[in-house]
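When a residue number appears, it is its place in the shown sequence, counting from 1. Computed from a prediction, not measured in an experiment: that's the story for all the values here. Whatever order the structure lists ligands and atoms in, that order sets their numbers, starting from 1.
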Amino acid sequence: MASSCSSSLSAGGLEKLPASSIRVLRSVDALRRWRRPHTLDQRSVALVPTMGALHEGHLSLIRAAARENHHVVVSVYVNPAQFGIREDLASYPVTWDADVAELVRLDRELADDGHNLGRISAVFAPTTADMYPAGFPGQEVDSKGSFVTITPVGELLEGKTRPTFFRGVATVCMKLFNIVQPDRVYFGQKDVQQTVVIKSMVRDFMLPIEVVIGPTTRADDGLALSSRNVYLGERRRSVATVLSKALRAAEEAYKSGGRDRAVVRGAAVKLLDDALATQMALAPEKRVQFEVDYISLADPDTMEELKAVDPARGGILSGAVKMLPVEAPQEGEDLGHSGGPAVRLIDNIILKPVA
Ligand code: AMP
């Protein structure tokens, strides 16, 4: 997955990113050797798990981790177990050189800013052979192997469309947590159901780890940043804000006193229906078609659907929209990474409790 062209080996065989003190650790053994002294000197270690193709959303989590910990480990690993057999594992963007350049730049920024406790100490970029010592168990629903499953939350919403997704996420995170032994782990609210799964796993397996959730980083027009946005291309990118706009409309309904599912969720559904009707009125070479997978109004702890929001507890509004490949592509049109396949966008807004 990751090329090694942008790092250098020192005389002692220690691989470091150029012009930085960031180590590149490519095996479980190397990570454990790096980790051991920090247990003894009681320095706090944070882990920010990523699949690479880094963007500002990832960087914001690393900044938060550096403020609160002596050492930040960023893992860069495209975990095949969380991709379904028909999903985009083969084309998932791998941008190792740009990623490490970003990490070196960010690490300098962290050094210059006096408010940080720590810096980026290491990038953990293991191989699949290392992460799955008994052999990769496969991506099928009935694959046999050692898995962590967190139900029922892992079966709802994203888990309905992607039945192996949260099993893959929980399993790889359990492995990463056991390898890195972090004091704190940092996850983005962008993937809100993932945060509920990870918090449940940490609680239910008594892992001595604090789970910190960072806010969703968005483009100026509201689209939540995602490594998969590169698939969109120009035409679909301009329409991809429908989901965040729909969630905002539902949030407005809640803020104006709406509590019933039909009122709050209904506001999001109406915006999406109207936006699709507008697109369908356009000519095929101009329009963008999308399908709504779900719009959910759910309990903040369990993600079970709500009939009404209890204002003392609030709720989670979340949604998934599939942007279909463009029709009638025009000569020279930017279709996006990998020819512009269907792209599933997800987003969410937390409805805060009101006193
Ligand atoms: P990924 O590389 O997509 O697996 O994401 C790695 C981490 O970054 C996860 O905790 C994500 O929730 C988080 N993340 C992804 N996109 C964003 C975003 N736009 N804002 C904040 N965090 C994000």
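The shortest non-hydrogen separation linking Glu304 to Pro152 is OE2-CG, 3.9 Å.
Salt-bridge formation is not detected for the pair Asp260/Lys307: no Lys NZ or Arg NE/NH1/NH2 atom is positioned less than 4.0 Å from an Asp or Glu carboxylate oxygen. Between Asp347 and Lys190 there is no salt bridge, since no side-chain nitrogen of the basic residue lies less than 4.0 Å from a carboxylate oxygen of the acidic one.
In this structure Glu56 satisfies the salt bridge (Lys or Arg N to Asp or Glu O under 4.0 Å) test together with Arg63, sequence neighbours excluded.
Closer than 4.0 angstrom to ligand 1 by heavy atom are Pro49, Thr50, Met51, His55, Gly57, His58, Leu61, Phe187, Gly188, Lys190, Asp191, Gln194, Pro215, Thr216, Thr217, Leu225, sorted by chain and number.
Judged as a ring pair (Phe, Tyr, Trp, His ring centres under 6.0 Å), the pairs with a partner in residues 312-355 (not counting sequence neighbours) are, in order, Tyr231-His337.
Hydrophobic cluster membership of Val263, counting Ile, Leu, Val, Met, Phe, Trp and Tyr whose side-chain heavy atoms lie under 4.5 Å apart directly or via other members: none, as it forms a cluster of its own.
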